[in-house]
Each structure stands twice: as C-alpha cells, then as structure tokens.
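Note sheet for the following structure.
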Amino acid sequence: MQDSLDAAREAIDDDDIWHKLDIQIHSRQTDLGRLDGLLAGRPSLGIESLGPHAQLEIDRASWYALIESELSDPPTMAVLQAAMATLSQLARENDLLFAFDAETAQWWTPEVLSALHLAIPFVPDDHVRVAVEAVERKPGVGHLVRSRGLAKFARPDLAARVPKRDAPILAEILHDLVRLLAEGETISAGDRVRLRDLPALTMIPRSEDALSDAPADSATLYELRDLLDDGSAGPNLDRLLKSARPKPKLPILR
C-alpha cells in the first residue's frame with residue numbers, strides 16, 4: 001500500500017496539501033472496534049448496492065486505511081480533492097476493496113474511483129447529501145431534513161424540522177444552501193439568509209439530533225428558522241413554507 005500512497009503523493013504534487021491529510025493504516029484486530037463502529041447504523045444500508053458479496057468481503061477485511069483532516073476554513077477544495085486522488089490511486093493499484101465516506105455514509109467502488117482524475121471537474125454534490133428523516137424522533141416535532149458532509153468543507157451541516165408533506169420542498173431549499181456553503185460561503189450563528197424570493201431565515205446552533213441548543217463555537221449543526229419582524233428567530237419555518245408551497249391553480253371559467 002505504501003507504494004500506492006507514494007504514487008498518490010507524486011500525482012498530487014503539492015506537499016503542503018499532502019501533509020494536510022492524516023493517513024493511517026490500521027489493523028481491524030487491534031483498533032478496539034473503531035471500524036465496526038464507523039460501519040454500524042446508516043452505512044449498512046448502502047452495502048447491498050455494492051453487490052451480493054460485498055458484506056462478506058467487508059466482514060473479512062483485516063486492514064484498512066483511514067484518511068482524516070482538520071480544516072479551519074480552506075480557501076479551495078484542494079484537500080478533499082487530494083483525498084479522493086489518493087483513493088483513486090489506491091484503486092488503480094488494486095490496493096482498495098471499497099471506500100466509505102463516514103460523513104455521508106456513501107460507498108465508493110474501485111471501478112468508480114479508478115475513473116477519477118485530478119483534471120476532472122470537482123463536483124461538491126458528490127460529497128454532501130440532503131436526507132429526510134423517515135420517523136420523528138419525538139412525536140409532533142416534525143421530520144428532520146438535514147445535510148451530511150459539510151464538515152469536509154469546514155462548514156456546519158444544516159437542518160430543519162417540518163411536516164412530512166413539506167419535506168421535499170425544504171430538501172430543495174436546503175440543497176441550494178448546502179451548495180453555496182460547499183463552494184465557499186460562510187455562516188455563523190444568528191446569520192440572516194435569504195434565498196431567491198423566499199422569506200429570510202436565521203441560523204440556530206443545535207445538537208447533532210437537532211433537539212436542543214448547542215454552543216455556537218462548537219455546534220456542528222445549524223437549524224434553519226424563520227426570521228421574525230423584530231429580528232428574532234421564529235419557532236419553526238411556517239413563513240418559509242407558506243411562501244414556498246405550490247400555489248393552487250384556480251379553474252378558468254369561460
């Protein structure tokens with residue numbers, strides 16, 4: 001594997017970017033269950049898409065590489081691109097069985113990774129997901145619509161709770177905001193945001209399950225709320241949803 005990593009470093013050809021990647025090789029037998037913990041829950045839902053024997057191959061894997069990085073506010077996406085270039089090189093050298101994105105629970109096959117190239121335009125949508133929670137965590141609080149993966153762009157993820165019928169509307173709005181953040185926009189607690197001709201929103205730092213407030217300096221998730229006329233945050237997104245819902249078409253009488 002080291003030969004493949006050396007080849008990836010040469011292909012990236014930027015030592016400053018390369019050294020921002022923390023690449024560690026671990027034995028599954030001595031990692032105190034870290035890999036099993038990463039693969040528990042949501043990740044298991046996507047394994048079936050890899051093929052009928054994927055689960056067996058993953059269970060039998062005894063070694064794995066972990067690629068991590070701590071980002072403050074990168075001016076470009078070069079670090080994430082370098083991580084993907086490294087995975088691509090490992091795949092081309094047959095040193096990779098599967099790759100797993102712990103932020104989005106997305107699986108990558110060697111065939112897909114081998115086809116990646118530094119010259120191919122980088123697509124942020126490949127690295128951030130917007131998902132709708134199937135079941136309310138508490139009765140009546142609404143279904144959570146949230147992003148996953150913005151930590152790879154040094155940004156907090158975004159979320160909101162809405163009635164299930166409005167989840168597709170909010171998912172589309174959230175996707176537009178996520179793309180802006182992935183492309184370099186920044187947000188802070190209490191910021192006011194206006195998208196298209198929709199009512200203004202504000203950002204509230206929340207816990208990872210979006211059920212309680214969190215300190216602004218450490219929150220990894222911001223909840224979207226209506227911005228009220230007095231400048232405070234509303235309790236929900238009633239204003240936004242009222243404006244964003246499709247307007248009923250009236251019959252035309254002749």
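None of these values were measured; they are calculated from a predicted model.
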Suppose the criterion is side chain to side chain donor-acceptor pair (under 3.5 Å): which pairs have a residue in residues 184-200, not counting sequence neighbours? D176-R196
Keeping to residues at least two apart or across chains, list the ring-ring contact (aromatic ring centres under 6.0 Å, His included) pairs with something in residues 14-34. H26-Y64
Would the number of heavy atoms belonging to other residues, nucleotides or ligands and lying under 6.0 Å from CD of E68 be above 12? yes
List for me each residue that meets side-chain contact (heavy atoms from CB on, under 4.5 Å) alongside P168, sequence neighbours excluded, and say none if there are none. none
Name all residues meeting the side-chain contact (heavy atoms from CB on, under 4.5 Å) criterion together with N94; count only those two or more places apart in sequence or in a different chain, and write none if there are none. none
Under the ring-ring contact (aromatic ring centres under 6.0 Å, His included) test, residues paired with F98 that sit two or more places apart: none
Qualifying salt bridge (charged side-chain N to carboxylate O under 4.0 Å, His left out) pairs, either residue in residues 133-142, two or more places apart: E133-R137, E133-R161
Are V128 and L144 in one and the same hydrophobic cluster, where Ile, Leu, Val, Met, Phe, Trp and Tyr link if side-chain heavy atoms are under 4.5 Å apart? no
D95: partners by salt bridge (Lys or Arg N to Asp or Glu O under 4.0 Å), with sequence neighbours left out: none
Does any N or O in the side chain of T202 come within less than 3.5 Å of the main-chain N or O of R225, such that one atom is a donor and the other an acceptor? no
Atom CD of residue position E183 - does it have more than 12 heavy atoms of other residues, nucleotides or ligands inside 6.0 Å? yes
Residues which pass salt bridge (Lys or Arg N to Asp or Glu O under 4.0 Å) with D226, listed by chain and number, not counting sequence neighbours: none
Give a yes or no on whether the backbone of P110 and the side-chain of S114 come within a donor-acceptor separation of less than 3.5 Å. yes
Are more than 12 heavy atoms, taken from residues, nucleotides or ligands other than E57, located less than 6.0 Å from that residue's CD atom? yes
I need the I67 CD1 to D101 CG distance, nearest 0.5 Å. 11.0 Å
Within the 3.5 Å criterion, strictly below it, is a donor on E208 or T220 matched to an acceptor on the partner's side chain? yes
Just how far is it from atom CG of L198 to atom CG of L241, taken to the nearest 0.5 Å? 10.0 Å
According to side-chain contact (heavy atoms from CB on, under 4.5 Å), who are the partners of D229, at least two apart in sequence or on a separate chain? R239
Is it true that a side-chain atom of K152 and a backbone atom of H127 form a donor plus acceptor pair closer than 3.5 Å? yes
CG of L240 to CZ of R245, rounded to nearest 0.5 Å, is 9.5 Å
Could you tell me whether R148 and D157 make a salt bridge, using a distance below 4.0 angstrom between a side-chain N and a carboxylate O? no
Taking salt bridge (Lys or Arg N to Asp or Glu O under 4.0 Å) as the test, write out the residues that go with D213, two or more places apart. R206
Residues passing the side-chain contact (heavy atoms from CB on, under 4.5 Å) test with E111, sequence neighbours excluded, are T109
Mind checking salt bridge (Lys or Arg N to Asp or Glu O under 4.0 Å) for D6 and listing every partner two or more places apart, or none if nothing turns up? none
